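Notes to accompany the following structure.
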Amino acid sequence: MTFRTRFAPSPTGPLHLGHAYSAILAHDMARASGGEFLLRMEDTDLDRCRPEWEAQIVEDLTWLGLTWDGPIFRQSDKIAAYNARLEPLADRGLLYPCSCTRADIRAALSAPQEGVAFAVYPGTCRHRPMADRRPGDALRLNLAAALDALPENPSFVETGPRHAGTHLIDRATALAQIGDVVLSRKGEDIVAYFLASAFDDADQGISHVIRGKDLFDFTPVQVILQRLFGLPTPTYHHHRLIRDDQGKRLAKRDDARAIVKYRADGATPQDIRRMVGL
Ligand code: GLU
């Protein structure tokens with residue numbers, strides 16, 4: 001099997017040292033194994049993603065000396081298609097409409113924050129049939145029903161330093177830690193990042209997902225979705241995070257560590273590699 005991986009930034013800000021580490025690591029692993037490295041823009045959050053940020057990311061990756069195979073893939077081109085792909089799950093009775101507050105749903109849909117996995121949904125709307133879906137309702141996965149529909153407990157292989165091994169997703173833990181996640185929201189063209197990403201990893205034939213360990217907790221729900229949709233499960237590699245001097249994970253707002261800033265200060269791509277310990 002071809003080793004094929006991807007770098008999948010959300011273009012909501014400049015590329016910083018943490019992203020650079022992730023991109024270089026995935027790129028180098030692909031090249032070292034004679035495989036492919038793809039670039040995917042996870043730009044489904046139409047409020048926060050900007051073409052200027054995408055252009056800056058592309059420029060910075062190019063400056064770092066990274067090359068990718070094929071054209072850049074953009075999730076924003078596919079939002080209607082993602083939503084259409086949910087229909088079979090609705091037909092199987094595995095989805096329900098939810099009108100719980102927008103703030104809760106936003107929190108569940110937006111890109112993950114460190115230390116915050118899923119706020120497990122209490123199931124208030126679980127009794128509602130799909131026919132009852134009203135404008136503005138979100139669609140939630142009925143996780144218990146979904147797990148019952150699978151022939152066996154899903155599992156995945158992790159090769160990253162922290163959690164290496166085979167991970168079995170057992171029912172009780174999934175129900176306690178993941179719950180009924182929001183998969184999409186009607187009328188707002190928003191589809192949950194982890195759903196779009198699971199579809200794209202399959203569509204793009206990704207054999208290895210290489211990404212920060214802050215996303216490790218999202219892997220079980222992606223693996224469950226892969227099983228429900230009959231998609232393959234890649235091998236996962238969650239890498240260490242690049243932290244600031246206070247030990248906090250770098251975020252988009254940490255412009256001081258933006259690659260564009262280091263470039264302006266005269267750093268070379270080799271300096272960036274050294275800074276992130278490569
Ligand atoms: N778009 C996500 C982020 O920028 C990465 C998702 C992934 O690599 O699976 O945090």
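Since the structure is predicted, the reported quantities are computational estimates derived from the model, not experimental observations. Just follow the structure's listing: the first ligand is 1, and inside any ligand the first atom is 1.
Sorted by first and then second residue, the salt bridge (charged side-chain N to carboxylate O under 4.0 Å, His left out) pairs involving residues 58-77 (not counting sequence neighbours) are Arg31-Asp69, Glu54-Arg74, Glu59-Arg263, Asp60-Arg263. Applying the salt bridge (charged side-chain N to carboxylate O under 4.0 Å, His left out) test to residues at least two apart or on different chains, none of the pairs has a partner in residues 152-163.
Under 4.0 Å from ligand 1, the heavy atoms of Tyr193 that appear belong solely to its side chain. If you look at Val209 next to ligand 1, there are no close heavy atoms at all, none under 4.0 Å.
Within the model, atoms CG of Leu94 and CE of Met130 stand 10.5 Å from one another, a figure rounded to the nearest 0.5 Å. Separation of atoms CZ (Phe73) and CH2 (Trp68) is listed at 16.0 Å; rounding is to 0.5 Å.
For ligand 1, the atoms closer than 4.0 angstrom to any heavy atom of Leu215 are 5 (C), 6 (C), 7 (C). Distances below 4.0 Å separate heavy atoms of Ser197 from the following atoms of ligand 1: 9 (O). Proximity to Arg211 (heavy-atom distance under 4.0 Å) selects the following atoms of ligand 1: 7 (C), 8 (O), 9 (O). In summary, the atoms of ligand 1 found under 4.0 Å from a heavy atom of Glu42, numbered by their order in the structure, are 1 (N), 2 (C), 5 (C), 6 (C).
Look at Arg6 and you'll find a heavy atom under 4.0 Å from some atom of ligand 1.
Between Lys78 and Asp203, at least one side-chain N (NZ, or NE/NH1/NH2) sits under 4.0 Å from a carboxylate O, which counts as a salt bridge.
In summary, of the residues considered (Asn153, Leu147, Asp148), a side-chain contact (heavy atoms from CB on, under 4.5 Å) with Leu150 occurs for Leu147 alone.
Considering only non-hydrogen atoms, atom 4 (O) of ligand 1 lies nearest to Ser10 out of Ala26, Ser22, Ser10.
Checking only distances, Ala8 does come within under 3.5 Å of ligand 1, N or O to N or O.
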Legend entry - salt bridge (Lys or Arg N to Asp or Glu O under 4.0 Å) between Arg6 and Asp200, worked out: CA-CA 10 Å; Arg6 82 300 194 276; Asp200 293 339; over 6 Å; no
